[in-house]
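Beneath this line is the structure, given in structure tokens, with notes to follow.
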Amino acid sequence: MHDQASRLRELASKGKDKDKSKMRVIAVTSGKGGVGKTNFTVNLALALSEFGRRIIILDGDLGLANVDIAFGLSARYTIEHLLSGEKTIEQILLTGPRGIGIIPGGSGVQGLANIERDKLANVIANLGRLEKMADLLIIDTGAGLGHTVLNFLKAADDIIMVTTPEPTALTDAYGLLKTLREEAGEVPIHVVINRVRNEKDAQATFKRLEMAVHKFLDGSIKFMGWIYDDPLVGRSVMQLEPLGISFPDSPAYKCIQWIAGTVSGIYLRPPRQAGGVRGFLSKLLRSF
Ligand SMILES: Nc1ncnc2c1ncn2[C@@H]1O[C@H](COP(=O)(O)OP(=O)(O)OP(=O)(O)O)[C@@H](O)[C@H]1O
Ligand SMILES: [Mg+2]
């Protein structure tokens with residue numbers, strides 16, 4: 001086990017010093033399901049691309065693949081084909097609007113987080129090539145805290161946690177924060193409150209969460225912004241087109257554009273040590 005881990009790390013960090021521009025990794029997650037992660041991820045990618053950022057999304061949902069559908073695309077191959085060595089990263093990568101890359105995860109995501117030794121060099125070589133294609137890798141994780149999701153969160157440069165003001169969503173958000181504080185202490189956690197009626201609603205919701213964090217947990221959370229509850233989100237989902245394309249002037253997309261400005265600013269900061277895809281993989285593998 002130890003032997004494998006050190007070999008993996010060695011492979012993962014290979015060539016690290018040569019990379020000047022490192023790709024940053026953001027994981028989007030939530031305690032409760034259905035709070036709007038996929039909608040947020042897809043439109044954040046669109047809004048970031050308006051800022052000139054090159055984005056790749058990894059659809060990390062273990063259940064139904066959502067990201068490709070949200071873009072009106074349909075994946076032929078997934079990470080599973082990469083792990084089995086049948087396909088290269090270029091062959092599984094889908095291209096969405098504005099050049100956004102999408103890596104369909106499918107059940108291969110579990111495989112990626114629990115990778116076998118003999119497959120590793122190949123996967124690292126493939127994922128390493130992403131670094132030249134994008135500035136940011138955004139992972140849309142599934143809801144809840146499986147082993148796989150937790151590993152992704154621990155390895156990311158930043159975590160964006162989405163919640164709604166609903167009491168059940170907040171309870172689950174708090175539960176997730178508790179685990180993250182124990183397991184992923186160093187990774188900054190940014191909170192996005194989705195489906196709010198107004199700014200007051202958003203501020204009050206964040207306060208509630210922050211108070212619980214201050215009272216019961218170490219560390220802090222950062223308020224990244226809010227998104228209005230907006231019927232145009234549902235309309236865009238039905239049209240199989242991201243909100244930022246169907247309704248770029250909608251209140252919800254305007255909020256996401258505003259959040260993208262913040263994300264863009266964060267990524268002007270130098271990355272934490274061992275950034276980039278290799279840094280991410282090496283941290284991912286350190287969990288074993
Ligand atoms: N700001 C919003 N206003 C109105 N409806 C929204 C908003 N955000 C998301 N929704 C609706 O909520 C539903 C769930 O959104 P989404 O699929 O993005 O959630 P999710 O967190 O990715 O779910 P899962 O946990 O199943 O992956 C969608 O049908 C979408 O229409
Ligand atoms: Mg989703």
Side-chain angles (χ1 to χ4, degrees), residues 26-47 57-75 78-79 94 96 100 102-110 138-146 148-150 152-153 159-166 168-173 175-177 189-203 205-206 224-260:
I26 315 180
V28 176
T29 194
S30 70
K32 187 172 180 281
V35 295
K37 289 179 297 300
T38 300
N39 176 64
F40 171 69
T41 302
V42 160
N43 287 293
L44 179 68
L46 275 174
I57 300 174
L58 168 60
D59 188 349
D61 202 321
L62 297 170
L64 292 173
N66 283 315
V67 174
D68 54 341
I69 295 169
F71 277 115
L73 303 168
S74 120
T78 70
I79 284 267
L94 297 170
I100 294 167
I102 299 129
I103 307 173
S107 51
V109 167
Q110 206 128 28
I138 308 179
I139 305 176
D140 179 13
T141 73
L145 263 184
T148 304
V149 170
L150 191 57
F152 278 133
L153 297 178
I159 295 170
I160 299 181
M161 192 186 81
V162 182
T163 181
T164 66
E166 271 188 2
T168 48
L170 278 180
T171 305
D172 291 353
L176 173 65
L177 285 170
I189 301 172
H190 311 268
V191 176
V192 168
I193 317 276
N194 190 21
R195 310 196 69 162
V196 302
R197 278 167 304 169
N198 49 42
E199 175 176 351
K200 204 166 142 232
D201 189 18
Q203 299 285 4
T205 304
F206 181 75
M224 187 168 251
W226 63 84
I227 306 166
Y228 294 117
D229 189 54
D230 183 345
L232 292 173
V233 175
R235 288 255 301 271
S236 76
V237 171
M238 294 307 287
Q239 290 177 16
L240 299 177
E241 213 174 41
L243 185 71
I245 299 227
S246 317
F247 305 106
D249 297 322
S250 58
Y253 189 65
K254 292 279 178 206
C255 292
I256 296 173
Q257 280 177 314
W258 163 60
I259 294 170

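Each ligand, and each atom within it, is numbered from 1 in the order the structure gives. Values in this document were obtained by computation on a predicted structure and should not be read as measured data.
- Within the listing of ligand 1, atoms 1 (N), 2 (C), 3 (N) sit less than 4.0 angstrom from a heavy atom of Tyr228.
- Considering Met238, Arg195, Lys37 only, the shortest heavy-atom separation from atom 11 (C) of ligand 1 involves Arg195.
- At least one heavy atom of Gly34 sits less than 4.0 Å from an atom of ligand 1.
- Looking at Phe40 next to ligand 1, no N or O pair under 3.5 Å apart turns up.
- Every pair passing salt bridge (charged side-chain N to carboxylate O under 4.0 Å, His left out) that includes a residue from residues 227-238 is listed here, sequence neighbours excluded: Arg195-Asp229.
- Proximity to Asn39 (heavy-atom distance under 4.0 Å) selects the following atoms of ligand 1: 8 (N), 18 (O).
- Annotation for ligand 1: atoms under 4.0 Å from non-hydrogen atoms of Gly234 are 31 (O).
- Taking all heavy atoms of Asn194, Ile69, Thr38 into account, the minimum distance to atom 9 (C) of ligand 1 is reached by Asn194.
- Checked by atom type, the side-chain pair Thr38/Asp140 shows a donor-acceptor distance below 3.5 Å.
- In the vicinity of Asp229, heavy-atom distances shorter than 4.0 Å reach the ligand 1 atoms 3 (N), 4 (C).
- Atoms of the protein (N, O or S only) found under 2.8 Å from the Mg ion (ligand 2) are Thr38 OG1.
- Residue Gly36 places at least one N or O, backbone or side chain, under 3.5 Å from an N or O of ligand 1.
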